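Keep in mind that what you see is a predicted model, and the values were worked out from it rather than measured. Here, residue 1 is the first one in the sequence, and each next residue gets the next number.
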Amino acid sequence: MRIALVLVILGAIAAGVLQWANAAWDVPGPPAAKPTPTVVLIAPGSRTHTVAQMLEQKGVMKYGLMFEFDLRLRGLAGKIKAGEYAIPSQASMAAVAKILMEGKSIQHKLTAAEGLTSEMIWKLVQADPVLVGDAGPVPEEGSLLPETYLFTRGETRYGLLSKMAGAQKALLDQLWPARADGLPFQSLRDAVILASIVEKETALPEERRHIASVFVNRLKIGMRLQTDPTVIYGLTRGYPLGRGIRQSELDAATPYNTYVIAGLPPGPICNPGKDSLAAVLNPEQSDDLFFVATGHGGHVFAATISQQARNVAAYRAFERRTGPDSSLAQAPPASPRHKSKLGPD
């Protein structure tokens, strides 16, 4: 009789515990110490007990042992996934378990802006505190696709750079077969070189195909590209020059001086974005061979040297009227210092 009575009592206690555990499963948890979600990091191979205790220490729940008990009771203990998670304030144990089992880690992001050199992007990746490992060597210039990339904690720096290179390759594989007929280049590398120049010549997406047409037209007739960004790249490898280009630098026969060399420079001068790559492979149809800054952030185009001379004169007049600090100059115009040569900016 005593044994039976003990068993009955134990059964009642067990039933009560189960009932309590079931009831506690959906009860809201404690409010977070801060107005933002609580970030928890679960390392690969973490034991259920360790996870439960860490959640209690973080203030996500009051009783880590109860959470562990409920997980085991429901057969969920082995389904918790490693990762970095944001737990909302007052999340119930059921809600927390769902987050940890879905494995949707916090997404971090890194933006590689259009027009940055490979070294600049490499430095951004190397400095990111969430990525791990070494970034490896600086990627080849112009081989990365500028974009905002999402990643989770623990991804490698080298892996993210590889993802950028893969993204550019995938885009070019899509754009190249659909390129316009009669382009004055035969390789993807030449397309990237020209796109990098277009990228540095204008920040306006709506201008890129027109800018591309000017350079394409020049290449077709053997006319020099005469573009400042290539000269600057030859001097600083893409970092700001911090001064005007000297006449001696314009006259120097260096590989990236397109005022002296014919055709394209030997390599890209930055990493061009999607719009610039698309622009050089399908440029606008025009007869234009020249462009000059307007002073309002864009450019005006011309097909003849006489029209270009009038456009340059108009820009000079704008400079005299407004001065360098005028609010009308919404973006720094490409330098017209070489317009005696009547080439592009």
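- Evaluation of the side chain to side chain donor-acceptor pair (under 3.5 Å) test over residues 80-90, restricted to residues two or more places apart or in two chains, returns Glu84-His108, Glu84-Arg153.
- A donor-acceptor pair shorter than 3.5 Å cannot be found between the side chains of Asp190 and Gln186.
- With sequence neighbours excluded, no residue forms a salt bridge (Lys or Arg N to Asp or Glu O under 4.0 Å) with Arg237.
- Among pairs with a residue in residues 154-172, those fulfilling side chain to side chain donor-acceptor pair (under 3.5 Å) read Lys169-Asp173, at least two apart in sequence or across chains.
- Hydrophobic clustering, defined by side-chain heavy atoms of Ile, Leu, Val, Met, Phe, Trp and Tyr closer than 4.5 Å, leaves Leu41 isolated from every other such residue.
- With sequence neighbours left out, Glu114 forms a salt bridge (Lys or Arg N to Asp or Glu O under 4.0 Å) with no residue at all.
- Contact check for Tyr239 versus Tyr233: no side-chain heavy atoms found under the 4.5 Å cut-off.
- Residues meeting the salt bridge (Lys or Arg N to Asp or Glu O under 4.0 Å) test with Glu284, sequence neighbours left out: none.
- Applying the salt bridge (Lys or Arg N to Asp or Glu O under 4.0 Å) test to pairs two or more places apart or on separate chains, none has a residue in residues 294-303.
- Using a 4.5 Å heavy-atom cutoff, the side chains of Leu160 and Leu131 are in contact.
- Using cut-offs of 30° and 60° on the angle between ring planes, the pair Phe301 and Phe291 is tilted.
- Counting side-chain heavy-atom gaps under 4.5 Å among Ile, Leu, Val, Met, Phe, Trp and Tyr, the cluster of Val39 also holds Ile106.
- Atom CD of Gln285 has 12 or fewer heavy atoms from other residues, nucleotides or ligands within 6.0 Å.
- Here side chain to side chain donor-acceptor pair (under 3.5 Å) pairs that include residues 41-55, with residues two or more places apart or in two chains, are His49-Glu68.
- No donor-acceptor contact under 3.5 angstrom links the side chains of Asp251 and Tyr259, judged on distance only.
- Pairs engaging residues 95-106 under the side chain to side chain donor-acceptor pair (under 3.5 Å) rule: Lys98-Glu102 [sequence neighbours left out].
- Listed by first and then second residue, the salt bridge (Lys or Arg N to Asp or Glu O under 4.0 Å) pairs that reach into residues 290-306 come to none, sequence neighbours excluded.
- The distance from the CG atom of Asp70 to the CG atom of Leu76 is 9.0 Å, given to the nearest 0.5 Å.
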Listed pairs under 3.5 Å, donor-acceptor, residues 271-280 side chains, sequence neighbours left out:
| unit_1 | atom_1 | unit_2 | atom_2 | d |
| --- | --- | --- | --- | --- |
| Asn271 | OD1 | Gly142 | N | 3.3 |
| Asn271 | OD1 | Ser143 | N | 3.1 |
| Asn271 | OD1 | Leu144 | N | 2.9 |
| Asn271 | ND2 | Leu116 | O | 3.1 |
| Asn271 | ND2 | Ser118 | OG | 3.2 |
| Lys274 | NZ | Glu147 | OE1 | 2.9 |
| Ser276 | OG | Glu199 | OE1 | 2.8 |
| Ser276 | OG | Arg208 | NE | 3.3 |

